[in-house]
Amino acid sequence: MKRSRWYAIRVAPGYQRMAAVDERLPENRPMESIIERNRRKDGFDIFMPSFYTELRHHRTKQILQKRFPFLVGYASVNLPRLNFEELRRVDGVLCFLRGANYGPLEFPDGTIEALYFAEHERRQAFLYEQHCRKENERPEQIQHLRGQLRKILPKGRKVRVSMVNQTERAIDSLSPQIKEPAQKIMSDLSALTADAEVENMRKGV
């Protein structure tokens, strides 16, 4: 990590929440917070150490990925040019924290590096837990999709070991209205029965 000057800032309430999804943004900016998006716009390097978790929506039961800060209400910003006044104008920045010498509190590089490593470890653990959950849920999902295929296939066709292959043979005889959902289910089945994604995750952890 290059020599830098990291200072502690107080973040306004609500600005550490995840920002709205923007499809125009690059893929390396998932789950960024509002304060992070604001500082990118204004050209500042900010670090908000965070952890990730999955929550189930109480109504839809959908699994949601969430990101929360380790230090609620605080973040650090790199100011090698000591341009404090410019940063104060960034939406969501309340103030700088003061150190023992009554100046802005500056973090040593070692402290920031330790926080980076801690966040990285927690992120890898989260990804592994996520893939384990998907692997455990996969048999149930496959069974559900095969049940849907039984309803789509023409009457009289027997369900065999490979439901995907059976659907491929039957697809030409289906009406245009049925083809699209059948192809979607086939695609979902292919994704669920492919082990490459999980294997890559095991190698990466």
Side-chain angles (χ1 to χ4, degrees), residues 1-60 62-134 197 200-205:
M1 182 181 291
K2 293 181 180 179
R3 174 62 182 150
S4 52
R5 304 197 68 169
W6 291 93
Y7 294 91
I9 61 170
R10 186 81 168 87
V11 181
Y15 280 78
Q16 287 181 302
R17 289 184 291 105
M18 288 168 50
V21 176
D22 189 340
E23 301 295 340
R24 299 167 297 177
L25 296 176
E27 292 183 2
N28 64 345
R29 292 173 55 181
M31 304 173 74
E32 68 181 355
S33 66
I34 298 173
I35 187 66
E36 287 171 318
R37 184 170 295 180
N38 288 349
R39 68 84 184 168
R40 284 181 188 272
K41 180 182 63 178
D42 291 292
F44 289 98
D45 186 13
I46 196 170
F47 175 47
M48 191 184 77
S50 307
F51 65 95
Y52 302 79
T53 189
E54 289 185 331
L55 300 175
R56 191 178 295 275
H57 193 282
H58 70 282
R59 183 172 53 82
T60 65
Q62 180 183 5
I63 297 292
L64 304 175
Q65 294 183 26
K66 293 290 184 179
R67 178 188 176 207
F68 299 100
F70 278 122
L71 306 173
V72 177
Y74 302 95
S76 56
V77 63
N78 185 20
L79 292 177
R81 297 190 292 112
L82 304 181
N83 47 338
F84 298 104
E85 290 305 319
E86 292 180 34
L87 180 69
R88 285 191 178 97
R89 291 194 288 268
V90 174
D91 190 24
V93 176
L94 287 180
C95 62
F96 286 90
L97 272 65
R98 292 189 178 277
N101 60 353
Y102 298 101
L105 177 62
E106 183 174 359
F107 289 113
D109 282 351
T111 300
I112 298 298
E113 288 175 2
L115 288 171
Y116 266 112
F117 284 123
E119 181 182 56
H120 176 72
E121 282 190 2
R122 188 63 194 91
R123 173 67 172 167
Q124 293 304 307
F126 164 73
L127 290 174
Y128 183 69
E129 293 164 4
Q130 182 185 60
H131 280 273
C132 287
R133 175 188 60 78
K134 289 180 179 179
E197 183 182 0
N200 288 338
M201 178 58 210
R202 286 174 175 158
K203 291 178 182 178
V205 174

Asn78 side chain vs Ser4 backbone, donor-acceptor pair below 3.5 Å: no
Inter-residue atom distance Tyr116.OH - Asp109.CG, 0.5 Å rounding: 10.5 Å
Distance, nearest 0.5 Å, that separates CZ of Arg37 from CG of Asp91: 13.0 Å
Atom pair CE/CZ of Met18 and Phe68 - distance to nearest 0.5 Å: 8.5 Å
Arg67 to Phe51 six-membered ring, cation-pi geometry met (6.0 Å, 45°): no
Arg5 CZ to Ser76 OG distance, which is reported to the nearest 0.5 Å: 14.5 Å
Separation of Ile9 CD1 from Ile35 CD1 (nearest 0.5 Å): 5.5 Å
Which atom of Ile46 lies closest to which atom of Trp6, heavy atoms considered: C-CZ3, 4.3 Å
Residue list, side-chain contact (heavy atoms from CB on, under 4.5 Å) with Glu54, at least two apart or on another chain: Ile63, Gln65, Phe126, Gln130, Arg133
Qualifying residues under ring-ring contact (aromatic ring centres under 6.0 Å, His included), relative to Phe117, sequence neighbours excluded: none
Any donor-acceptor N/O pair, Arg98 side chain to Pro104 backbone, under 3.5 Å: no
Nearest heavy atoms of Pro49 and Leu115, plus distance in Å: CG-CD1, 4.3 Å
Those residues that, when tested against Arg59, pass side-chain contact (heavy atoms from CB on, under 4.5 Å) (two or more places apart): His57
Contact check, side chains of Asn38 and Phe44, non-hydrogen atoms, under 4.5 Å: no
Side chain to side chain, Lys66 and Tyr52, heavy atoms closer than 4.5 Å: no
Partners passing side-chain contact (heavy atoms from CB on, under 4.5 Å) against Leu97 (at least two apart in sequence or in another chain): Ala8, Arg10, Tyr74, Leu105
Nearest-0.5 Å distance, CG of residue Leu71 to CD of residue Gln16: 8.0 Å
Contacts of Ala12 that satisfy side-chain contact (heavy atoms from CB on, under 4.5 Å) - sequence neighbours left out: Tyr15, Leu94
Over all atoms of both residues, closest heavy-atom pair of Met48 and Glu119: O-OE2, 3.6 Å
Heavy-atom check, side chain of Val77 versus side chain of Phe96, under 4.5 Å: yes
Contacts of type ring-ring contact (aromatic ring centres under 6.0 Å, His included), residue Tyr7, not counting sequence neighbours: Phe84
Side-chain touch Val93/Val11, heavy atoms, less than 4.5 angstrom: no
Greater than 12 external heavy atoms within 6.0 Å of Arg123's CZ: yes
